Amino acid sequence: MSTIAPTSSPLLEGLNPQQREAVLYRGPALLIVAGAGSGKTRVLTHRIAGLLESREAWPSQILAITFTNKAAGEMRERVRHLVGTAAEGMWISTFHSACVRILRREAEQFGYSRNFTIYDSGDSRALIKRIIKDLEADVLGFTVASTAARISKLKNELADVESYARQANFNDPNEVMFVEIFRQYSRALSSANAFDFDDLISQTVYLFRAFPHVAAAYQKRFRHILVDEYQDTNHAQYSLIRELTKSPAELEPGLLAATEPASLTVVGDSDQSIYAFRGADIRNIVEFERDFPGAKVILLEQNYRSTQNILSAANSVISNNFDRKDKKLWTADGDGEKIVGYTGYSGHDEAQFVADEIQALRDKGVAYHDMAVFYRTNSQTRALEEIFIRSAVPYRIIGGTKFYERAEIKDAMAYLIAVANPADTLAVRRILNTPKRGIGPATETQLATFAEKNEITFRDSLRHAKELGLGPKVTGAITALSDLLDEAAALTERPPTAPGDGVPEVLSLLISKGGLLDALRASRDPQDEARAENVEELVAVTKEFQRNNPEGTLLDFLTEVSLVAAADDLDDQTGSVSLMTLHTAKGLEFEAVFLTGVEEDLLPHRMSAGEPGAPRRSAGCSTWASPARASDSSSPWR
DNA sequence: CTGTCTGTACTTTTT
DNA sequence: GTACAGACAG
């Protein structure tokens with residue numbers, strides 16, 4: 001079936017022929033191979049708008065998936081611009097948000113309850129750390145980082161403990177230990193009514209496979225599925241898409257009116273695959289045509305973002321990759337200025353060069369917010385910050401140590417989680433003695449043992465503090481905390497008394513009565529003043545949340561926070577230079593960019609040595625910057 | 001049993 | 001520059 005929309009539609013204006021074709025094509029499967037800066041978001045949003053405008057789909061039948069919340073927000077905004085309020089009914093979200101939405105609705109089907117907690121990588125690591133310590137696995141050489149990576153990798157491959165154990169080599173003591181850690185980790189998660197990041201995807205796939213009637217409901221609902229950054233999908237995400245694009249009738253034979261499978265559009269570019277470390281499997285895009293027979297492939301090679309010099313440099317690097325489909329980006333915008341290379345003597349020297357160049361560009365009329373500095377690792381910011389402060393270059397760091405990763409914020413969040421999901425023992429344990437109330441590890445262990453013996457949650461063991469024969473001071477502290485959590489829980493169960501109340505009210509109660517704020521304010525440590533301010537900032541965040549979502553529950557707030565990434569708040573274009581990793585920079589545009597630390601073992605990073613496409617040797621502290629003053633050789637370099 | 005102080009080993013990229 | 005573990009005093 002190929003319906004062709006009128007070619008005079010305003011949706012096609014200003015699009016090149018390939019872009020038009022990508023917007024108009026109708027069929028079961030479409031792969032858009034979109035080079036960097038080739039206008040793929042434009043194509044996707046116009047394609048969605050076209051489906052709505054021609055009445056081929058209702059908003060609720062569209063599922064658009066991106067990798068970051070920022071990309072999702074931008075896409076929603078641009079679709080809204082094209083079609084207005086119809087944009088509200090669509091699911092435009094990240095893989096993780098979409099899965100949470102599904103899981104919250106269906107969790108009861110498989111023994112979870114809908115108020116589950118989402119563990120970020122920090123939480124997972126804390127849990128793994130405790131398990132390794134309990135099992136004394138560290139003497140066998142188990143580290144938190146490697147174990148966490150191993151478990152994550154398995155989950156991305158859709159392996160669970162039992163399936164892994166079935167093929168494990170039990171003569172290898174290392175393997176036996178790993179299975180035990182994996183098993184305890186999985187048990188801890190499910191008894192805490194919690195999912196880690198990887199579970200969000202893999203458990204949704206499991207849900208669809210184990211409960212065909214649930215899968216059928218979503219297969220029938222979503223008629224058009226669009227996936228961005230397809231080259232960065234891992235096996236679990238790929239499987240999710242495959243489940244959603246099955247025909248509902250395949251799974252539910254009793255269904256009389258066999259519904260056609262949803263149409264699938266994926267956009268990607270194997271040259272831009274940067275998430276292999278997280279399990280991204282480039283085969284998903286390379287083998288798309290085999291997976292979806294009859295799929296149409298459209299190439300977008302015209303670049304609208306960069307000058308020819310930059311593209312030529314990029315092409316000459318990328319062309320060294322092996323097993324690569326030939327693709328050459330080009331632009332109609334001319335050669336532009338040369339790329340500048342600079343080799344410094346040290347990180348500081350390099351930072352100084354960047355700062356000087358920024359000021360020079362600024363004098364030539366380039367605004368600070370149109371400039372960006374990229375680096376490979378977050379730790380590289382230190383030298384840059386130091387010099388930028390001294391040189392009076394206004395800057396802001398995107399990503400890095402995030403607000404929500406600060407200890408005091410995690411503490412405050414743990415209070416909220418303990419209220420929303422009392423089964424989350426990790427959260428309850430975290431607040432047990434934060435702020436200090438005289439409940440030490442010994443008391444904690446007693447509570448945990450009591451809980452285990454009586455088969456109740458750790459949270460509920462707090463209610464039985466009197467039965468443990470502890471000192472009166474400790475008993476009183478535990479009971480007070482338990483009562484406070486009950487009081488806060490009661491608050492969430494009644495409608496807020498004043499508009500804007502709700503989550504802020506609960507949080508304020510917990511941090512004031514819980515003593516977190518007072519403890520920080522009373523502290524002699526000068527850093528605690530800033531920490532108290534951060535906690536107050538979190539209250540402001542909840543108020544902002546409640547204003548934007550008057551009906552938003554505590555659970556909604558916790559979900560939003562768990563899934564929000566650092567790059568998401570880039571929007572306010574203040575007059576500052578942006579500093580970020582290469583990974584967060586993906587898909588963004590600036591007038592001038594600096595690429596720092598182009599150096600042995602750093603770019604490419606030494607941890608990636610040995611992966612296919614081995615790193616080449618280089619030396620010194622190098623910066624590549626663009627654009628720079630014009631020069632007239634035919635090479636893109638200066 | 002808990003809080004504070006001092007020494008040691010880090011630092012890939014993200015949802 | 002920093003986060004975390006171990007030692008010791010209250």
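Please read all numbers here as calculations on a predicted model, not as lab measurements. Letters go in sequence order (proteins before strands), and every chain restarts at 1.
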A.B. asks: When the distance from CG of A/Leu563 to P of B/dT15 is rounded to whole Å, what number comes out?
C.D. replies: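 Atom CG in A/Leu563 sits about 10 Å away from atom P in B/dT15.
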
A.B. asks: Between A/Glu444 and A/His583, which is nearer to the 5' end of DNA chain B once each is assigned its nearest nucleotide?
C.D. replies: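 First, find each residue's nearest nucleotide; the 5'-ward one identifies A/Glu444.
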
A.B. asks: What is the separation between atom CG on A/Leu432 and atom P on B/dG3, rounded to the nearest whole Å?
C.D. replies: 11 Å

A.B. asks: Could you give the CZ-to-P distance, from A/Arg382 to C/dT2, as a whole number of Å?
C.D. replies: 7 Å

A.B. asks: Decide side-chain contact (heavy atoms from CB on, under 4.5 Å) for A/Asp228 and A/Lys40; before the verdict, give the C-alpha distance in whole Å, the side-chain angles of both, and the deciding distance to 0.1 Å.
C.D. replies: CA-CA 9 Å; A/Asp228 196 6; A/Lys40 62 162 193 195; 3.3 Å; yes

A.B. asks: Counting just side-chain N and O atoms, does A/Thr581 come under 4.0 Å of either OP1 or OP2 of B/dT12?
C.D. replies: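 No.
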
A.B. asks: Nearest to the A/Thr377 side chain among C/dG1, B/dT12, B/dT14, which nucleotide is it?
C.D. replies: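 Per side-chain heavy atoms of A/Thr377, the pick is B/dT12.
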
A.B. asks: Whole angstrom is fine here: how far is it from CD in A/Glu385 over to C1' in B/dT11?
C.D. replies: 15 Å

A.B. asks: The test is side-chain contact (heavy atoms from CB on, under 4.5 Å); show your working for A/Arg429 and A/Arg130 and say whether it passes.
C.D. replies: CA-CA 12 Å; A/Arg429 279 181 176 225; A/Arg130 224 187 57 212; 3.8 Å; yes

A.B. asks: Identify which nucleotide among C/dG1, B/dT14, B/dT4 has an atom closest to any side-chain atom of A/Thr584, counting heavy atoms from C-beta outward.
C.D. replies: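 Ranking C/dG1, B/dT14, B/dT4 by closest atom to the A/Thr584 side chain puts B/dT14 first.
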
A.B. asks: A/Phe95 near the nucleic acid: base, sugar-phosphate alone, or nothing, with a heavy-atom cut-off under 4.0 Å?
C.D. replies: nothing

A.B. asks: It should be established whether A/Asn69 places a side-chain nitrogen or oxygen under 4.0 Å from OP1 or OP2 of nucleotide B/dT14.
C.D. replies: no

A.B. asks: Answer yes or no: does a side-chain N or O of A/Ser152 lie under 4.0 Å from OP1 or OP2 of B/dT14?
C.D. replies: no

A.B. asks: Take A/Ile439 and A/Ser97, find for each the nucleotide of DNA chain B with the closest heavy atom, and name the residue whose nucleotide sits nearer the 5' end.
C.D. replies: A/Ile439

A.B. asks: Rounded to the nearest Å, what distance is computed from the CZ atom of residue A/Arg125 to the P atom of nucleotide B/dC10?
C.D. replies: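 After rounding, the reported distance stands at 13 Å.
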
A.B. asks: Side chain of A/Arg376 only, please: which of B/dT11, B/dT4, B/dT13 is the nearest?
C.D. replies: B/dT13

A.B. asks: Rounded to the nearest Å, what distance is computed from the CG atom of residue A/Asp123 to the C1' atom of nucleotide B/dT15?
C.D. replies: 13 Å

A.B. asks: Is there a side-chain contact between A/Ser202 and A/Asn156 (heavy atoms, below 4.5 Å)?
C.D. replies: no

A.B. asks: Quick one: are the ring centres of A/Phe208 and A/Tyr206 less than 6.0 Å apart?
C.D. replies: no

A.B. asks: For A/Lys473 and B/dG3, give me the distance from atom NZ to atom P, rounded to whole Å.
C.D. replies: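 For the pair A/Lys473 NZ and B/dG3 P, the rounded distance is 9 Å.
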
A.B. asks: Keeping the roles fixed (side chain from A/Asn284, backbone from A/Tyr238), state whether a donor-acceptor pair exists under 3.5 Å.
C.D. replies: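 No.
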
A.B. asks: Side chain of A/His96, heavy atoms from C-beta onward: which of B/dG3, B/dT15, B/dT2 has the nearest atom to it?
C.D. replies: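 Minimum distance to the A/His96 side chain belongs to B/dT15.
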
A.B. asks: Can a side-chain donor-acceptor contact be found between A/Glu444 and A/Gln446 if the only test is distance below 3.5 angstrom?
C.D. replies: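 The criterion, which ignores hydrogens and geometry beyond distance, is not satisfied for A/Glu444 and A/Gln446.
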
A.B. asks: Answer yes or no: does a side-chain N or O of A/Asn378 lie under 4.0 Å from OP1 or OP2 of B/dT13?
C.D. replies: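 Yes, A/Asn378 has a side-chain N/O under 4.0 Å of OP1/OP2 on B/dT13.
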
A.B. asks: Can you tell me how far P of C/dA5 sits from CD1 of A/Ile132, to the nearest Å?
C.D. replies: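 Nearest whole value for this atom pair: 12 Å.
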
A.B. asks: Let's see if you can work this out: which of B/dG3, B/dT15, C/dG1 has an atom nearest to the side-chain heavy atoms of A/Asn433?
C.D. replies: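 Between B/dG3, B/dT15, C/dG1, the one nearest the side chain of A/Asn433 would be B/dG3.
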
A.B. asks: Distance check: side-chain N/O of A/Lys129 vs OP1/OP2 of C/dA5, anything under 4.0 Å?
C.D. replies: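 Answer is yes, contact under 4.0 Å.
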
A.B. asks: What is the base-pairing partner of C/dG10, counting Watson-Crick and G-U wobble geometry with both distances under 3.5 Å?
C.D. replies: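 WC or wobble partner is B/dC1.
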
